[in-house]
Amino acid sequence: EESMKQLERGIQSGTLCFHFENLYRRKPGLSLSCARLPENVEKNRYRDVLPYDATRVVLRGQEDYINASHIKVAPPASGVCLRYIASQGPLPQTFAHFWQTVWEQQIHTIIMLTTLTERGRTKCHQYWPHPPEEKDYGHLRVTCHSEECNLAYVTRQFTLQNTQLDEERAVTHLQYVAWPDHGVPDDPSDFLLFISSVRERRKGEEPLMVHCSAGIGRTGVLITMETALCLLEEGGPVFPLEIVKIQREQRAMMVQTTCQFQFVCEAILQVYREKQEKSSTPQTESTPEQEQTHLSASDTK
Ligand code: PTR
Ligand code: PTR
């Protein structure tokens with residue numbers, strides 16, 4: 001595949017990283033005024049990581065601000081369209097806004113890419129109760145039913161109850177725990193396994209909620225990787241730089257460091273190669289019926 005050869009050459013020669021470093025970190029001309037309003041200043045974890053007005057998530061009601069952005073990734077002519085909400089790690093004063101976003105945007109899966117503390121510093125505050133407790137965040141009641149750890153991530157099952165409407169929904173929490181900020185995941189295979197469980201959570205058009213500490217570096221890597229996997233599944237070309245550019249038009253500084261970009265490019269290439277190896281190993285002939293079931297299974301994403 002041509003785009004994969006291009007990717008391989010770009011990684012080897014360093015041109016891909018060179019182009020990455022020349023991308024706009026912030027799209028010129030987009031305002032950040034809502035994030036800078038005096039009443040919103042303390043709702044931002046970092047002074048220098050703010051959502052654009054044009055793509056910020058607007059909460060219903062009087063207090064409408066949260067440091068979170070709508071990200072829609074639909075590379076031209078690919079037929080792929082993935083929706084996300086990229087958010088900072090909630091602060092105690094924004095827990096209720098975070099859960100309100102989950103409710104209003106119909107989020108069924110929250111992907112958390114940070115631990116609560118790293119090297120003695122708080123990176124995110126714990127915005128959910130310990131199992132089996134429940135806790136109220138504004139008018140939303142969160143119950144944590146289970147917590148299961150495997151090697152690199154924790155899965156939690158929550159019920160989110162809207163006490164005003166007396167309605168409830170199930171929400172799944174996937175927390176990747178082996179990835180320091182500004183860095184790359186400790187193990188690419190663990191990371192790829194995690195991404196495939198993220199892919200399995202995709203159903204319908206609803207966005208996935210993704211956050212780390214600032215909601216730009218690791219969140220950008222995850223979105224780039226899931227998009228690339230989706231494009232590979234569709235057999236379309238994958239241009240990682242383009243995917244990053246699309247994201248930065250909606251939230252500044254997505255994919256923060258060159259190492260992170262290089263990591264994601266290498267991971268994409270690894271997946272592509274494994275896929276090729278699989279398809280070139282001789283397989284027992286499949287009957288047309290089997291072919292058919294295979295097709296319909298991959299169509300229902
Ligand atoms: N602390 C930020 C950083 O250096 O990562 C500050 C910053 C923010 C730097 C925005 C650059 C920014 O965007 P631009 O490249 O458009 O100036
Ligand atoms: N001003 C902070 C810093 O540069 O350390 C902002 C920041 C923090 C930026 C964490 C990115 C960070 O990583 P991530 O988006 O992966 O949480």
Side-chain angles (χ1 to χ4, degrees), residues 17 20-21 23-27 30 32 35-36 40-52 55-57 66-71 73 84-95 97-98 101 110-128 152-154 173-188 190-191 194-195 198 207-228 240 243-265 267:
C17 284
F20 171 81
E21 283 165 10
L23 286 180
Y24 277 116
R25 290 155 60 74
R26 236 174 74 187
K27 193 177 156 93
L30 289 184
L32 307 162
R36 289 188 167 133
N40 292 334
V41 164
E42 65 182 40
K43 298 175 190 164
N44 299 311
R45 182 173 286 279
Y46 299 102
R47 230 172 357 124
D48 56 354
V49 182
L50 306 174
Y52 298 131
T55 46
R56 75 182 178 93
V57 173
I66 180 167
N67 188 319
S69 314
H70 293 282
I71 309 274
V73 189
Y84 304 87
I85 289 177
S87 164
Q88 70 176 16
L91 293 160
Q93 63 271 27
T94 69
F95 287 173
H97 308 141
F98 182 83
T101 304
I110 301 169
I111 300 158
M112 172 171 182
L113 301 168
T114 183
T115 47
L116 297 173
T117 58
E118 278 164 22
R119 284 164 277 121
R121 282 165 191 265
T122 300
K123 293 293 168 175
C124 181
H125 290 79
Q126 186 174 335
Y127 55 87
W128 66 91
Y153 66 95
V154 184
H173 196 231
L174 299 176
Q175 183 188 7
Y176 194 81
V177 293
W179 190 355
D181 58 2
H182 315 294
V184 300
D186 294 347
D187 180 342
D190 281 355
F191 174 68
F194 180 72
I195 300 277
V198 170
L208 297 178
M209 167 74 92
V210 191
H211 80 82
C212 40
S213 183
I216 53 171
R218 293 166 286 186
T219 295
V221 171
L222 180 122
I223 293 177
T224 307
M225 195 65 216
E226 201 220 347
T227 305
I243 303 173
V244 173
K245 208 170 149 217
I246 293 172
Q247 290 176 67
R248 288 190 182 178
E249 287 171 0
Q250 301 168 83
R251 187 167 172 92
M253 298 183 279
M254 295 293 276
V255 183
Q256 209 204 3
T257 68
T258 307
C259 282
Q260 288 175 340
F261 183 66
Q262 169 120 9
F263 171 85
V264 81
C265 289

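These numbers come from a predicted model, not from an experiment. FYI, side chains are in, hydrogens and waters are out, and symmetry mates aren't considered; it's all heavy atoms of this structure. Indexing begins at 1, ligand by ligand and atom by atom, following the structure's order.
Contact detail for R248 and R25: the closest heavy-atom pair is NH1-CA, 3.7 Å.
Each of the following atoms of ligand 2 lies closer than 4.0 Å to a heavy atom of G215: 15 (O). Within ligand 2, counting atoms from 1 as listed, the ones closer than 4.0 Å to a heavy atom of G217 are 14 (P), 15 (O), 16 (O). Distances below 4.0 Å separate heavy atoms of I216 from the following atoms of ligand 2: 9 (C), 11 (C), 15 (O). Close approach to R218 involves these atoms of ligand 2, each under 4.0 Å from a residue heavy atom: 14 (P), 16 (O), 17 (O).
For the pair F263 and P188, the minimum side-chain heavy-atom distance is below 4.5 Å. Looking at I71 and T55, their side chains never come closer than 4.5 Å, going by heavy atoms from C-beta outward.
Paired with D181 under the rule salt bridge (Lys or Arg N to Asp or Glu O under 4.0 Å), one option of R45, R119, R121 passes, and it is R119.
At distances below 3.5 Å, at least one donor-acceptor pair connects side-chain atoms of N67 with backbone N or O atoms of V49. In this structure, Q88 contributes its side chain and K43 its backbone to a donor-acceptor pair below 3.5 Å. Y84 places no side-chain N or O within 3.5 Å of a backbone atom of T219 that could act as its donor or acceptor partner.
On a distance-only criterion, A214 and ligand 2 share at least one N/O pair closer than 3.5 Å. In terms of polar-atom proximity, defined here as any N/O pair under 3.5 Å, S213 does make such a contact with ligand 2. Annotation: D48 places an N or O atom under 3.5 Å from an N or O atom of ligand 2; distance criterion only. The shortest N or O to N or O distance between C212 and ligand 2 is not under 3.5 Å. For the pair D181 and ligand 2, the shortest N or O to N or O distance does not fall below 3.5 Å.
Put simply, no part of T114 is less than 4.0 Å from ligand 2, judged by heavy atoms.
Contact annotation: for K123 versus ligand 2, there are no heavy atoms closer than 4.0 Å.
The aromatic rings of H211 and F98 lie perpendicular to each other, with more than 60° between the two planes, well past the 30° mark.
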